[in-house]
Protein chains: 2
Amino acid sequence: MRVSAKGENGVRAMTILALEFRAGPIPLREIAAREGLSYQFLEQIFLLLRRAGLITSVRGAKGGYALARPPEEIKVGDVLRVLEGPLAPVECMGEGNSDACGKIAACLTRGIWERLRDRMAEVLDDITLADVINTPADYT
Amino acid sequence: MRVSAKGENGVRAMTILALEFRAGPIPLREIAAREGLSYQFLEQIFLLLRRAGLITSVRGAKGGYALARPPEEIKVGDVLRVLEGPLAPVECMGEGNSDACGKIAACLTRGIWERLRDRMAEVLDDITLADVINTPADYT
DNA sequence: GAAAAGCCGAGTAATTTTATCGGGATTTGG
DNA sequence: CCAAATCCCGATAAAATTACTCGGCTTTTC
């Protein structure tokens, strides 16, 4: 039940882009340095995020990445779906989808995963990047 | 964000034990056959569940496994914690625990994982094995 | 035209998960 | 007592996934 490093670092990097929104494109090396991450690993992550339309890129010197939309309009769930695949706790259950799997107890356990999936989506789609950067220190 | 086969099959097997509660111990081979699972893989799972005190075993001929407590008293969350480790979406955040990880955006993203973790626990600790076996067919 | 940056397919390394093996220890029933 | 059924369990192999690297290309600025 863990989020992968890709997902975790992707959200982290998106948070930086949210903090720097309006500052013009931020080069990847800067983000990598700021978060102590491998430049090349982040590159893989950003490739996916760009192709999914969550960020835009500017090539060449003075280039870099920026959010494609303001932080208020990007949900954490959007980012995680791109990097982790659909928010489904078990394989036979993509979001929206509900295949039976032919096993005896299948129909019995399905309700568990459906409820879990829906709650997870609820939380993650309720938090935008704007919420993340406005988190008060005493949130805990 | 997936539950492992261990977790999924563990819950499935526990569901069978719940259905057969009061029928005396059920041999593992029967459960494996019923769910089309490898006997030896299930054995690993049951070892963990027994050590965690969720099931009891009877050795020898006519032996098998049974729930240690009635289905009403075993939560799906209990089973998953044994098989998947703590219900924590990211490493730096065991249940109850909240270590800082020293990265710049750390404190900002932490709230996401805390909320997610708490909601997941809420769902999984709210469903008992009794609920699972009483699931109406139109649950969806 | 050199330096700064992104683009990207392919490949390797590390880790985790899944599954198997082989032999033991207990219990039942004959 | 013996044979069959069944759990016990450490070790390890196989497979899958995840994390990360490489190398070379393209685009833009100065």
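These figures come from a predicted structure and were not determined experimentally. Proteins get letters first, then strands, A, B, ... in listed order; numbering begins at 1 in each.
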**Request:** Return the nearest nucleotide to the side chain of A:Leu28; candidates are C:dG6, D:dC7, D:dA19.
**Result:** C:dG6
What is the distance from [atom1] of [X] to [atom2] of [N], rounded to the nearest Å?
X: B:Lys6; N: D:dT17; atom1: NZ; atom2: C1'; result: 16 Å
X: B:Leu17; N: D:dC7; atom1: CG; atom2: C1'; result: 14 Å
X: A:Ile26; N: C:dG6; atom1: CD1; atom2: C1'; result: 14 Å
X: A:Glu30; N: C:dA5; atom1: CD; atom2: C1'; result: 13 Å

**Message:** Tell me if a side-chain donor or acceptor on B:Asp126 pairs with a main-chain N or O of B:Glu122 at a distance below 3.5 Å.
**Reply:** no
**Request:** Using atom types as modelled and distance alone, determine if a side-chain donor or acceptor of A:Arg29 lies under 3.5 Å from a backbone N or O of A:Tyr39.
**Result:** no
[X] side, atom [atom1]; [Y] side, atom [atom2] - distance, nearest 0.5 Å:
X: A:Met14; Y: A:Ile45; atom1: CE; atom2: CD1; result: 11.0 Å
X: A:Leu124; Y: A:Arg119; atom1: CG; atom2: CZ; result: 13.0 Å
X: A:Met1; Y: B:Met120; atom1: CE; atom2: CE; result: 3.5 Å
X: A:Thr128; Y: A:Ile133; atom1: OG1; atom2: CD1; result: 8.0 Å
X: B:Leu54; Y: B:Leu129; atom1: CG; atom2: CG; result: 9.0 Å
X: B:Gln44; Y: B:Ser38; atom1: CD; atom2: OG; result: 9.0 Å

**Fill in**
Sorted by number, residues from residues 76-89 of chain A placing a heavy atom under 4.0 Å from DNA chain C are none
**Message:** At a heavy-atom distance below 4.0 Å, what parts of residues 39-54 of chain A sit against DNA chain C?
**Reply:** A:Tyr39, A:Glu43, A:Gln44, A:Leu47, A:Arg50, A:Arg51
**Prompt:** So, is A:Ser4 near the phosphate of D:dT17, with a side-chain N or O under 4.0 Å from OP1 or OP2?
**Reply:** no
**Prompt:** Does B:Ser38 place a side-chain N or O at less than 4.0 Å from the phosphate oxygens OP1/OP2 of C:dT18?
**Reply:** no
Taking only nitrogen or oxygen atoms into account, show me every contact under 3.5 Å that the protein makes with nucleotides 2-4 of chain C, one pair per line with its distance.
{"unit_1": "C:dA4", "atom_1": "N3", "unit_2": "A:Ala61", "atom_2": "N", "d": "3.2"}

Anything under 3.5 Å between a donor and an acceptor, one on a side chain of residues 17-28 of chain A, the other on a protein residue two or more places apart or in another chain? List them.
{"unit_1": "A:Glu20", "atom_1": "OE2", "unit_2": "A:Arg34", "atom_2": "NH1", "d": "2.9"}
{"unit_1": "A:Glu20", "atom_1": "OE2", "unit_2": "A:Arg34", "atom_2": "NH2", "d": "3.3"}

Going by atom type alone, with no hydrogens or angles, which donor-acceptor pairs under 3.5 Å involve a side-chain atom of residues 57-78 of chain B and a protein atom two or more places apart or on another chain?
{"unit_1": "B:Arg69", "atom_1": "NH1", "unit_2": "B:Glu73", "atom_2": "O", "d": "2.9"}
{"unit_1": "B:Asp78", "atom_1": "OD2", "unit_2": "B:Lys75", "atom_2": "N", "d": "3.0"}

**Asked** How about B:Lys6 and B:Leu48: do any of their side-chain heavy atoms sit closer than 4.5 Å?
**Response** yes
I'd like a table of atom pairs between the protein and nucleotides 1-3 of chain D - only N or O on both sides, under 3.5 Å - with the distance next to each one.
none

**Asked** So A:Val123 and B:Ile112, side-chain contact (heavy atoms from CB on, under 4.5 Å) or not? Walk me through it.
**Response** CA-CA 8 Å; A:Val123 173; B:Ile112 300 168; over 6 Å; no
**Request:** Identify whether the distance between the nearest side-chain nitrogen and carboxylate oxygen of B:Arg81 and B:Asp125 falls below 4.0 Å.
**Result:** yes
